[in-house]
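Below is one structure; the comments refer to it alone.
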Amino acid sequence: MSKLVRRNYSELGEVKAPYVHSVRHNNTLYISGLTAFGTAAQQSGIAVQAEEIFCQIREIASAEGADFSALIKVTIFITSFDEINELRTVLYRNYGDHLPASSLVEVSRLFSPDLKIEIETIFGL
């Protein structure tokens, strides 16, 4: 029988929408799309927002007993390719030697006009 755990993390703030921060299904951890909304990075460029999001992802992964060596898949939504080189620098720094499968999608906007990036991830546990 499969085990399914849905969880929010108080340190990431209250979720005011119909989702949870993560769902753990057996040995796989799915992390919802995260943004810099409500953080000091919200008004910043894509690189600063991405660093904030990776901090949030690390908090969740750590709470679930994982680190970036277990990262399987990343889906990234950006509002513009204008800062793609800055984003790539952040991605390489955070992935290290553990490059995941990845999708990068340009969208017309995210839920707040200040947001430039949203990242969702899948980890093996």
Side-chain angles (χ1 to χ4, degrees):
M1 179 183 264
S2 66
K3 184 175 180 185
L4 193 65
V5 178
R6 301 170 201 279
R7 187 168 172 202
N8 285 318
Y9 304 82
S10 58
E11 56 273 21
L12 298 183
E14 181 183 354
V15 174
K16 297 178 182 178
Y19 74 95
V20 292
H21 288 126
S22 76
V23 175
R24 185 174 182 157
H25 180 250
N26 294 329
N27 294 324
T28 306
L29 177 66
Y30 301 88
I31 299 178
S32 293
L34 300 175
T35 69
F37 186 77
T39 71
Q42 182 173 340
Q43 304 288 326
S44 300
I46 198 167
V48 174
Q49 288 189 19
E51 288 289 4
E52 169 59 33
I53 295 165
F54 279 113
C55 286
Q56 294 173 27
I57 292 168
R58 267 196 188 78
E59 282 189 45
I60 293 172
S62 177
E64 298 298 329
D67 61 30
F68 271 63
S69 68
L71 185 60
I72 295 171
K73 172 75 167 73
V74 175
T75 305
I76 302 172
F77 304 94
I78 59 175
T79 57
S80 170
F81 276 90
D82 290 347
E83 299 176 79
I84 193 65
N85 291 330
E86 294 87 340
L87 176 59
R88 284 186 180 133
T89 299
V90 172
L91 296 177
Y92 278 118
R93 183 172 42 255
N94 280 278
Y95 299 155
D97 294 332
H98 309 290
L99 298 178
S102 182
S103 298
L104 177 63
V105 181
E106 184 177 20
V107 296
S108 61
R109 64 181 180 186
L110 295 169
F111 69 90
S112 174
D114 299 332
L115 299 176
K116 298 175 183 257
I117 184 169
E118 181 172 331
I119 303 174
E120 60 184 40
T121 55
I122 301 172
F123 285 82
L125 301 174

Main chain of Gln42, side chain of Gln49: is a donor-acceptor contact present, judged purely on distance under 3.5 Å? yes
If two hydrophobic side chains count as joined below 4.5 Å and joins carry through other members, does Val105 share a cluster with Leu115? yes
Hey, does Val15 have a side-chain heavy atom less than 4.5 Å from the side chain of Val20? no
Under a single-linkage definition using a 4.5 Å side-chain heavy-atom cutoff for Ile, Leu, Val, Met, Phe, Trp and Tyr, are Val90 and Leu71 assigned to the same hydrophobic cluster? yes
Check salt bridge (Lys or Arg N to Asp or Glu O under 4.0 Å) between Glu106 and all other residues, then give those that pass, not counting sequence neighbours. none
Gap between atom CD of Glu118 and atom CG of Leu110 - 0.5 Å precision: 5.5 Å
In terms of relative ring orientation, are Phe54 and Tyr95 parallel, tilted or perpendicular, with 30° and 60° separating the classes? perpendicular
Asn8 versus Glu14, side-chain donor and acceptor atoms under 3.5 Å: no
In short, Ile72 meets Gly124 closest at the heavy-atom pair CD1-N, 3.3 Å
Measuring from Ile84:CD1 to Ile46:CD1, what's the distance to the nearest 0.5 Å? 6.5 Å
Contact between Glu120 and Tyr30 at the side-chain level, heavy atoms closer than 4.5 Å - yes or no? no
Check: Ile60 and Leu29 side chains under 4.5 Å, non-hydrogen atoms: yes
Examine distances only and state if a side-chain atom of Gln56 and a backbone atom of Thr35 form a donor-acceptor pair shorter than 3.5 Å. yes
Stepwise side chain to side chain contact (heavy atoms under 4.5 Å, CB included) check, Asn94 with Glu51: CA-CA 8 Å; Asn94 280 278; Glu51 288 289 4; 3.3 Å; yes
Identify the two heavy atoms, one from Ala66 and one from Leu125, that lie closest to each other, and give their separation to 0.1 Å. CB-CD2, 3.4 Å
Got a second to check how far Lys116's NZ is from Leu87's CG, nearest 0.5 Å? 12.0 Å
For the residue pair Asn26 and Ser2, what are the closest heavy atoms and their distance? OD1-CA, 3.3 Å
Please check if the side chain of Thr75 supplies one atom and the backbone of Ser103 the other of a donor-acceptor pair under 3.5 Å. no
To the nearest 0.5 Å, what is the distance between CD1 on Ile57 and CD on Glu52? 10.5 Å
Identify, with sequence neighbours excluded, every residue that meets salt bridge (Lys or Arg N to Asp or Glu O under 4.0 Å) alongside Arg7. Glu64
With ring-ring contact (aromatic ring centres under 6.0 Å, His included) as the rule and sequence neighbours excluded, what pairs involving residues 99-125 come up? Phe37-Phe111, Phe68-Phe123
